[in-house]
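One structure is given below, encoded as structure tokens.
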Protein chains: 2
Amino acid sequence: MNSLREKIMAFYKTHRRMPSYGELVKLSAYKTKSAVHYAMSKLIDSGFVSRDKTGRLIPRNLTGSVRMLGLIEAGFPSPAEEELADTMSLDDYLIKNKEATYILRVKGDSMIDAGIYEGDMVLVERGKNPKPGDIVIAQVDGEYTMKYYRQRGKTIYLEAANAKYKPIFPTNELKIDAVVKAVIRQY
Amino acid sequence: MNSLREKIMAFYKTHRRMPSYGELVKLSAYKTKSAVHYAMSKLIDSGFVSRDKTGRLIPRNLTGSVRMLGLIEAGFPSPAEEELADTMSLDDYLIKNKEATYILRVKGDSMIDAGIYEGDMVLVERGKNPKPGDIVIAQVDGEYTMKYYRQRGKTIYLEAANAKYKPIFPTNELKIDAVVKAVIRQY
DNA sequence: AGTATATTAGAACGGTCGTTCTAATGTCAA
DNA sequence: TTGACATTAGAACGACCGTTCTAATATACT
């Protein structure tokens, strides 16, 4: 049935491109390209995939993208307005520098007053110069921690977003490993 | 120069597939496929792209994906361990049902004690049955709000994560539009 | 049963695919 | 300038591309 969809999705994930009609013959139960062509025409009508101007298949719904709406108060668009909703990729939106971006999982409650809880994921970028007020990943006494990057006069120090913890004034050098660019919490 | 890279990336973003060698001739300053083939061999050596077993180009670094590390305390891997880091797509990771997933921007402070601030983005899924304890987008008196979905006995009501706001007991019907699956905050 | 209709197999079409070869051109150092 | 090497143009190759046609088969309904 529609396991053809899943086959195509699986192919796309591993090969990072859409299969050709000849490859779909091997993937599917069809024995000829024309049968596949017929089946694809229906999948195209359903909006699952599209055809290039050269005829090649291009993905539509299996490419990671979300509809971007406005404020919560505005709510959801009617089916008629649905087409107007901007669709975008979270990857492209959140990640500017792919090579230097990492995701870490948060442990502890040192940034709880900044709305960053244990178990959250933080998207960090290495090799970026921190500005005062940024949340950074730093190495103090050989251990990694997440803190606010603060500046008072000429003194640089680290501050937690939790009254339980005292500010950290670096003894000698302060090694900032990465700057937190985004927080992601899943339910 | 290496604007060829950018051309390829632009092509990939718009066409959602890699260009063929013939298309690269039109894109680039080269006038023949063989020259492009030569240039691509160097880009492949640099790890920017790869070749399929059929010879077709497949993307490597321009596909949206982040390196997934462990806890913050574990820090960043050494260059030698770098290869071991799991890479993944945020889209694939966060979005289960593409058709029903939307992103909304938060206004107000009704969920502030749940670590959801004004300006944050919430990733919601429509048409999902809410469970008690879920954060939901609901329509009360014709307006959309984000609240906890609570149950006391047989009574369903909405509760804000902010002592300023009182629980909302629905007068007649309670219309739940979507369930919040993730929160994303950008700095 | 029969009869429309939907789906598949098979073959053939022109076109493009990636590859490879040779020859021409550009680049750089001695 | 000369020579060694890197890069490009051009043409040709077989293989595969998506498309289209006809004929065969499956499916659904009366």
Side-chain angles (χ1 to χ4, degrees), chain A residues 1-65 83 87 89 98-99, chain B residues 1-65 87 89 92 98-99:
Chain A
M1 276 304 174
N2 268 353
S3 74
L4 225 187
R5 285 195 180 204
E6 297 157 24
K7 296 270 185 58
I8 293 176
M9 286 197 274
F11 187 98
Y12 185 78
K13 286 210 172 185
T14 56
H15 294 75
R16 285 215 256 273
R17 65 172 175 86
M18 291 297 268
S20 72
Y21 282 39
E23 287 165 335
L24 280 172
V25 170
K26 297 172 191 165
L27 278 179
S28 67
Y30 297 116
K31 286 174 184 148
T32 56
K33 287 195 295 178
S34 63
V36 170
H37 188 268
Y38 184 89
M40 278 304 124
S41 298
K42 302 193 72 178
L43 278 187
I44 288 170
D45 289 340
S46 79
F48 177 59
V49 289
S50 288
R51 255 197 271 265
D52 225 325
K53 67 181 168 198
T54 70
R56 284 192 268 282
L57 297 174
I58 52 174
R60 281 186 71 87
N61 282 335
L62 50 121
T63 172
S65 59
E83 291 291 336
T87 137
S89 160
K98 228 157 304 200
E99 303 304 319
Chain B
M1 280 305 171
N2 269 353
S3 73
L4 224 189
R5 285 194 178 205
E6 298 159 22
K7 296 270 185 61
I8 292 176
M9 285 198 274
F11 186 99
Y12 186 78
K13 286 211 172 186
T14 56
H15 295 75
R16 285 215 255 274
R17 65 172 174 85
M18 290 298 268
S20 72
Y21 283 38
E23 288 165 335
L24 280 172
V25 170
K26 297 172 191 167
L27 278 179
S28 67
Y30 298 116
K31 285 173 185 151
T32 57
K33 286 196 295 178
S34 63
V36 170
H37 188 268
Y38 185 89
M40 278 305 122
S41 298
K42 303 194 70 178
L43 277 187
I44 288 170
D45 289 340
S46 78
F48 176 59
V49 289
S50 289
R51 252 196 272 265
D52 227 323
K53 67 182 169 198
T54 70
R56 285 192 266 284
L57 298 174
I58 53 175
R60 282 186 72 87
N61 282 334
L62 51 122
T63 174
S65 58
T87 136
S89 161
D92 294 345
K98 230 157 301 204
E99 303 303 318

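Hydrogens, waters and symmetry mates are skipped; everything else that's a heavy atom, side chains included, is used. In what follows, chains carry the letters A, B, and so on, assigned in the order in which the sequence lines appear, proteins first and then strands, with residues in each chain numbered from 1.
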Practice problem: Apply side-chain contact (heavy atoms from CB on, under 4.5 Å) to the pair B:Val49 and B:Arg5, showing each step before the final yes or no. | Solution: CA-CA 10 Å; B:Val49 289; B:Arg5 285 194 178 205; over 6 Å; no

Quiz item: So, do B:Ser50 and A:Arg16 sit near enough that their side-chain heavy atoms are less than 4.5 Å apart?
Solution: no

Exercise. Please state whether the phosphate of D:dT8, meaning OP1 or OP2, lies under 4.0 angstrom from any side-chain nitrogen or oxygen of B:Tyr30.
Key: yes

Self-check item: Pairs meeting criterion salt bridge (charged side-chain N to carboxylate O under 4.0 Å, His left out) with involvement of residues 21-38 of chain B, two or more places apart
Solution: A:Arg56-B:Glu23, B:Arg17-B:Glu23

Exercise. Write down the distance between NZ (A:Lys31) and P (C:dT8), rounded to a whole number of angstrom.
Key: 11 Å

Exercise. Please identify each residue that fulfils side chain to side chain donor-acceptor pair (under 3.5 Å) with B:Thr32, with sequence neighbours left out.
Key: B:Ser34

Quiz item: Between B:Met40 (CE) and D:dT8 (P), how many Å, whole number?
Solution: 11 Å

Quiz item: Listed by chain and number, what are the ring pair (Phe, Tyr, Trp, His ring centres under 6.0 Å) partners of B:Tyr21, not counting sequence neighbours?
Solution: B:His37

Quiz item: How long is the span from the CG atom in B:Leu57 to the CG atom in B:Leu43, to the nearest 0.5 Å?
Solution: 9.0 Å

Quiz item: Who are the ring pair (Phe, Tyr, Trp, His ring centres under 6.0 Å) partners of B:Phe11, not counting sequence neighbours?
Solution: B:His15

Quiz item: So what does B:Lys42 hit on the nucleic acid, given a heavy-atom distance under 4.0 Å: a base, only sugar-phosphate, or nothing?
Solution: sugar-phosphate

Exercise. State, to the nearest 10°, the angle formed by the axis through the first five base pairs of the helix from C:dG2-D:dC29 to C:dA30-D:dT1 and the axis through its last five.
Key: 40°

Exercise. Write down the distance between NZ (B:Lys53) and C1' (C:dT19), rounded to a whole number of angstrom.
Key: 18 Å

Quiz item: Knowing that exactly one of A:Asp52, A:Leu24, A:Ile8 qualifies, which makes a side chain to side chain contact (heavy atoms under 4.5 Å, CB included) with A:Met18?
Solution: A:Ile8

Practice problem: List the protein contact pattern of nucleotides 12-29 of chain D with one symbol per nucleotide (5' to 3'): B for base contact, S for sugar-phosphate-only contact, - for none; contact means a heavy-atom distance under 4.0 Å. | Solution: -----BBBB---------

